There are 2 protein chains.
Amino acid sequence: MKLTERAETLLRTLIELYINQGQPVGSRTLARQARLELSPATIRNVMSDLEEMGLIHAPHTSAGRVPTQQGYRLFVDSLLQIKPLQPSAVEEIEDQLSNETDPQALLGKASELLSQITQFAGVVLIPGQQNAIFRQLEFVGLAPNRVLAILITDDGRVQNRVIPTDRNYEPNELVEAANFFNQTYGGVSLADVRRALLNEMMKDSDEMHLIMKNAVTMAGVLFDREEDIKSEVMLSGEEKLFNVPDLCQLEKLQRLFDTFKTKQDLLDLLDRSLRVTGISIFIGDESGYQALHDCSVVTSPYEADGVLLGTVGVIGPTRMAYEEVIPVVDVTARLLSGALSAPTS
Amino acid sequence: MKLTERAETLLRTLIELYINQGQPVGSRTLARQARLELSPATIRNVMSDLEEMGLIHAPHTSAGRVPTQQGYRLFVDSLLQIKPLQPSAVEEIEDQLSNETDPQALLGKASELLSQITQFAGVVLIPGQQNAIFRQLEFVGLAPNRVLAILITDDGRVQNRVIPTDRNYEPNELVEAANFFNQTYGGVSLADVRRALLNEMMKDSDEMHLIMKNAVTMAGVLFDREEDIKSEVMLSGEEKLFNVPDLCQLEKLQRLFDTFKTKQDLLDLLDRSLRVTGISIFIGDESGYQALHDCSVVTSPYEADGVLLGTVGVIGPTRMAYEEVIPVVDVTARLLSGALSAPTS
DNA sequence: GCTTAGCACTCAGCCCCACGGAGTGCTAAG
DNA sequence: CTTAGCACTCCGTGGGGCTGAGTGCTAAGC
């Protein structure tokens, strides 16, 4: 069931028109716009075919046609002509990103940039640290029976947690414990450290040297919390979606913000796109989440020094200017990768 | 212009009714409800007086009356009878809070709890650290020309930032620099450290010992960023406001979420309430922010070991059950203070 | 002088209807 | 295969009438 060239042209112009205007497109307008020198009646015949194929759809009898999800899918897969981003815009992004040195802040900035440029919501996936390499652990005594543990991984991310202890530790005990731990586990992946720790704690602790025991006990608490290893989603500019005509209905927005809040669905979605190289586009229900019914998600993975790190993307209405959003996401992901890779030269 | 006792009773029942039902209250319903054995006609006369005083207001000729902002104000100031919180509810809050040891996480939890219990938005102000005491600084080499600086203050808060450096530092250089810094500035307030640093950096650096120079340069970058010292707002459960009948209109929610996003207004508002002891209540426009027009904010300060730390609160519709929200905020603030104070016993 | 019954009046909300505009499907002719 | 013409469908809008709720006023009663 292949489309004729004429049908393709008409589908493309119809979708382009609809994306611009947001209103069902009728045969008359389409005839004028497509420059095919055909009468509306002929156009109607073709439209009828397209509708039978499930690519467009009439909201009601006397309205024009609107692309269906499959229509959009075909459009982005084979009809879309992507506009390259203006060099000035690229520079702008590059500038903004190079102002940040802190990786966490950099990702936040990227997400905000995406939101700002597209006027939709920007999103960044920071994937779990299961594969991150343990670099260093520090213990700092805070108060009696309270120790601050600081965990540093190879990618420069830092996590800290206050650990309640069963007794008071002397400063030098803390240093020794940290030293012991760093020497033992330096260079090991977090997941492996976790496993090893669990193992250690199973053993009869009487056998262990006191220092080891201290280190293992405290670090055990630190690594016990799964959430430190879990993935994370950063979302920016959700509030901009209030201004999107296709989404600004209470129930839609409510569903959206609910899923934004729980983040789990977003996480799964972005995680799926992580396994794909290059741009991923989820149109409407393709994501599998009710709340994203009228939304499309455009994502691209980013990396540092060739290692896949996570995903950046944009969440907007299904009716979005894909030819503009796609390059923005693409370029941002690239520049982000660059900023994360280059050891400041 | 004092209210008669009858007028007071009527105003109170009217507001209570309106808070429950959300609809303008007419003279007939009010007569039945107030148990004053008066006819609707008499009630109408009193209502007319109340309207003249600006305490209630009729949305249109043939509707009942609705409290005005001043009406609410009078109500919470002198007519409101606060219900004490059920002991089981108190325990629930205590339980939830005692599960967290990390202060940052604790505040987040408090905010979430407030939102969950009231079904409005919970909010926590973490005020600036100008007065926080510098405890310890650590430098960790990450990559060539990249140093991770970790700043620990006396209240157990930790901040870290990746600092780009102009040259490569040896590990022992970093340790020495940190040691120098810790010895010099330990126990000094952050604001003073910042001042001192600026001073040092003005001096001709040739005079300084190399270690000092290193320390000052790197710490200079760290302290240069105002934001580390700035206040912070944590917001939870904003999305619940979608379900509040009085607020679920697009423009209102949009304005709300916009201010939530920028946070500056919230910050100012909570900061104001910080200077008051005990519960503060901002009704509608009293906050001075357009976006909070139909909202009230109920806040209470919290502390640790007798030192004022910040503010927790609830943001909901002006038409909220104050007699329930107030004790929730109050108790949460108290229990939070307790959890932050007690060194785990 | 306060309270109350009665009455006329006002107004939002709702349903119904008519109408114009936009666009379609079909048919028959070129 | 293309096109002109025509009948038809349906949404959106605006007006008109009705109902229910509640008010303000007035005059009578305690």
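Note that these values count all heavy atoms, side chains included, but never hydrogens, waters or copies made by symmetry. As the structure is a computational prediction, the values presented were derived from the model and not from experiment. Residue numbering restarts at 1 for every chain, and letters A, B, ... go by the order of the sequence lines.
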Inset, instruction - Write down the distance between CG (Leu14(B)) and P (dT23(D)), rounded to a whole number of angstrom. - result: 10 Å
Legend entry - Gap between atoms CG and P, on Asn45(B) and dG24(D) respectively (whole Å): 9 Å
Legend entry - Value in whole Å for how far the P atom of dG22(D) lies from CD of Glu51(B): 15 Å
Legend entry - Residue-level proximity of residues 19-37 of chain A to DNA chain D when a heavy atom falls under 4.0 Å: Glu37(A)
Legend entry - Nucleotide nearest Arg44(A) (side chain, heavy atoms from C-beta), chosen from dA12(C), dT4(C), dG25(C): dG25(C)
Legend entry - Phosphate OP1/OP2 of dC1(D) contacted by Arg6(A) side-chain N/O (<4.0 Å): no
Legend entry - Options dT4(C), dC10(D), dT24(C), nucleotide nearest the side-chain atoms of Met47(A): dT24(C)
Legend entry - Nearest to side-chain heavy atoms of Ser39(B), which nucleotide of dT4(C), dG25(C), dT9(D): dT4(C)
Legend entry - Residue Leu38(A), side-chain atoms from C-beta onward, closest of dT3(D), dA12(C), dT4(C): dT3(D)
Inset, instruction - Check the pair Arg272(B) / Asp268(B) against salt bridge (Lys or Arg N to Asp or Glu O under 4.0 Å), numbers first and verdict last. - result: CA-CA 6 Å; Arg272(B) 255 190 284 161; Asp268(B) 295 345; over 6 Å; no
Inset, instruction - Starting from C1' on dG24(D), measure out to CD on Glu52(B) and report it in whole angstrom. - result: 13 Å
Inset, instruction - Please indicate whether Gln119(A) has more than 12 foreign heavy atoms, meaning atoms of other residues, nucleotides or ligands, lying under 6.0 Å from its CD. - result: yes
Inset, instruction - Would you indicate whether the side-chain heavy atoms of Thr311(B) and Val124(B) approach each other to under 4.5 Å? - result: no
Legend entry - Residue Gln249(A) excluded, over 12 heavy atoms near CD under 6.0 Å: yes
Inset, instruction - Side chain of Ser62(A) only, please: which of dT4(C), dA22(C), dT10(C) is the nearest? - result: dA22(C)
Inset, instruction - Using a cut-off of strictly less than 4.0 Å, decide whether Arg65(B) has a side-chain nitrogen or oxygen near OP1 or OP2 of dT23(D). - result: yes
Inset, instruction - Measure from the side-chain heavy atoms of Thr61(A) and tell me the nearest of dT3(D), dT9(D), dG25(C). - result: dT9(D)
